Amino acid sequence: MEENESNIFKQKAFSASVKSEGLDDFIFLIDLTKDTATISDDSVKFIKIPAANFSNALQAVMAIVHSDDRPILSECFSKLKSKQNSSNDFVVECRMQAPGGNYVPVAIRAKHIPAANILTGTLSLLTSQKDDVTGLPMESQMVADYNEIRRTHGSVSGFILAIRIEGLEHINQSLGLEAGDKIFSVVAKTCMEEQNDQTRAYRISGNKIALLNIGGGTATDAQTLYQNLKRRISDIEFDLDYSVVFTISAGIVAFINDLSELRDLIKKADFSLSMGKKSGKNNLYFFNNSEYSKHVNKLDLRDKLRDSVKNNFSGFEIYYQPVIDATQFNPKTGAQQVHVIGAEALLRWGPPGEEKLPADQVIPVLEETGLMAPVGRWILMKAFNQCHVWNQYDKNFHMSVNLSYVQIERSDILFDVECALEKTKVNPENITLEITESGYIDHDELQRLFDELHKLRINVDIDDFGTGYSNLRYLQNLHANTLKLDYTFVHKAVMGKDGDSERRVIEHIINMAHDLGMKVCLEGIESEADVEILSKLKPDKFQGFFFGKPVSSYAFLDKNKKFFRDNAPPKSDEPEEIS
């Protein structure tokens, strides 16, 4: 197409777009070849663009889009450039900077015309959009109202009271969506009736309503507002003869002379709302910055862990803590009589060059995100392989590996164990799997798992014994190899006269375990005095900082090699990588 013909085509396309749109829309045309843009003259009053006609179009547009919204718009532009957008058009909602510096919500509706390589469409200000169900203004209006106050006064004082209807999902399922919408609209109407000159209600994401005060209201004012809403909702349930029962949970975030973006305050309000629900439905939670910081750090850790898993488990490492034969340890001769009979594999994680986080900080996040299954398989493979290598020093050296209950429930744990055994060629009799006693898994299901693991000739220990739900019949049926007593038990037992009763309990547990054909490992040994006191109770194994802290495989080998029994020459100090 000749350049003159192309220009005429673009002008016609632009004119056609102008004629087809309303007065609230700004028409634009972007020449993707020349990277120039044309937009309605009035747009410069509302959007901080260089002029009605400007060059470096895509870069200039991206510069005024809110940083949180740039990725989605950038993705649309990238698809156009790579010709991945088969429909040749897209609709995007984002925030753009206004001349005053605040951000306003806009909707971009664009169509790509390949013949001329132009992008034409409309940019609409979203300042009056309302929810169809409740009639409440949407979050975009909330942003505009907040930004207007911030633009005028420089900072904002007030509060956000975020409300969620509890039981709405059950109402939708049992009575239908129409009933759920009716309840939602009734609550919204109640919120609107509680509005005043300083406080306004909005529909925000999900089944939530936010009451925004940007007139200097306090947390106490927000609490009073919440109590009024609860009382009125109780009256509604009474009028309905309690045929429909629901409650509201709420979270409050108050702010004084705040310069934050509204999105940041909404995130804090959402956090407060979720905390309110955790503490029990129909509750109010006041924003706590310390708890929120922990929450944000947890979200950051979650993202980093996910990236680490995707990046071939980069940052994950296994540390090893020695397990000592207590039957051959003589406290009078000390370390000279230490017999390292095994190690417990303990997960650590951290970016290169930074201190590693322990398992109790990492595993709960892995369990919540569903990452425990792949990480659990990686742990099995690494620990089994390491045991196989160290068996070159001591053919009886055993490796203990913890199993997470989430790992057991959400993955085929038997298949994972069998694969690790097959790939590493480790002697299964040198492997011990530790399971913490708990009420989360049915005893029959746990019994089946223990039976299958025993068929594979793998040992199974019950970790943190005494902190869960064990009973004698349960222990007898499971045929566990070892009971590991929680370190809190051990610490109480070495506290002088105050530990007499705890020592008697431990002695009874040891005798009972021996009668049932099981061994006992005492964890948390920290001093020579601990060993001297506890040795008299005749446990089978010791574990604790006195004998060694969890360390890398290199450090473990360097420290404990002289204590291994057979001292066979190794083929390699470190295991080969097993995929």
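Reckoned from all heavy atoms, side chains included, excluding hydrogens, waters and symmetry mates. On a predicted model such as this, the values are computed, not experimentally measured, just so you know.
Under a 4.0 Å N-O distance rule, the pair Asp416/Arg377 qualifies as a salt bridge. A salt bridge does not link Lys382 to Glu317: none of the charged nitrogens lies less than 4.0 Å from a carboxylate oxygen.
Minimum interatomic distance between Ser249 and Glu166 (heavy atoms only, all atoms of both residues): OG-OE2, 2.9 Å. Considering every non-hydrogen atom in both Val401 and Ala345, the closest pair reads CG2-CB, 4.4 Å. For the pair Asp530 and Gly524, the tightest heavy-atom approach, listed with the atom from each and the gap, is OD2-O, 4.3 Å.
Residues Val340 and Phe556 have side chains in contact (heavy-atom distance under 4.5 Å, counting atoms from C-beta outward).
Side-chain polar atoms of Asn430 and Asn391 form a donor-acceptor pair below 3.5 angstrom. For the residue pair Ser314 / Asn312, no side-chain donor-acceptor distance below 3.5 Å is found, with atom types taken as modelled. In summary, the side chains of Ser404 and Glu367 do present a donor paired with an acceptor at a separation below 3.5 Å, with no hydrogens or angles considered. Looking only at atom types and distance, the side chain of Glu507 has no donor-acceptor partner in the side chain of Asn511 under 3.5 Å away.
Formation of a donor-acceptor pair under 3.5 Å by the Lys519 side chain with backbone atoms of Thr482 is not found in this model.
For the pair Lys549 and Phe545, the distance from NZ or CZ to the six-membered ring centre is under 6.0 Å and the angle to the ring normal is within 45 degrees.
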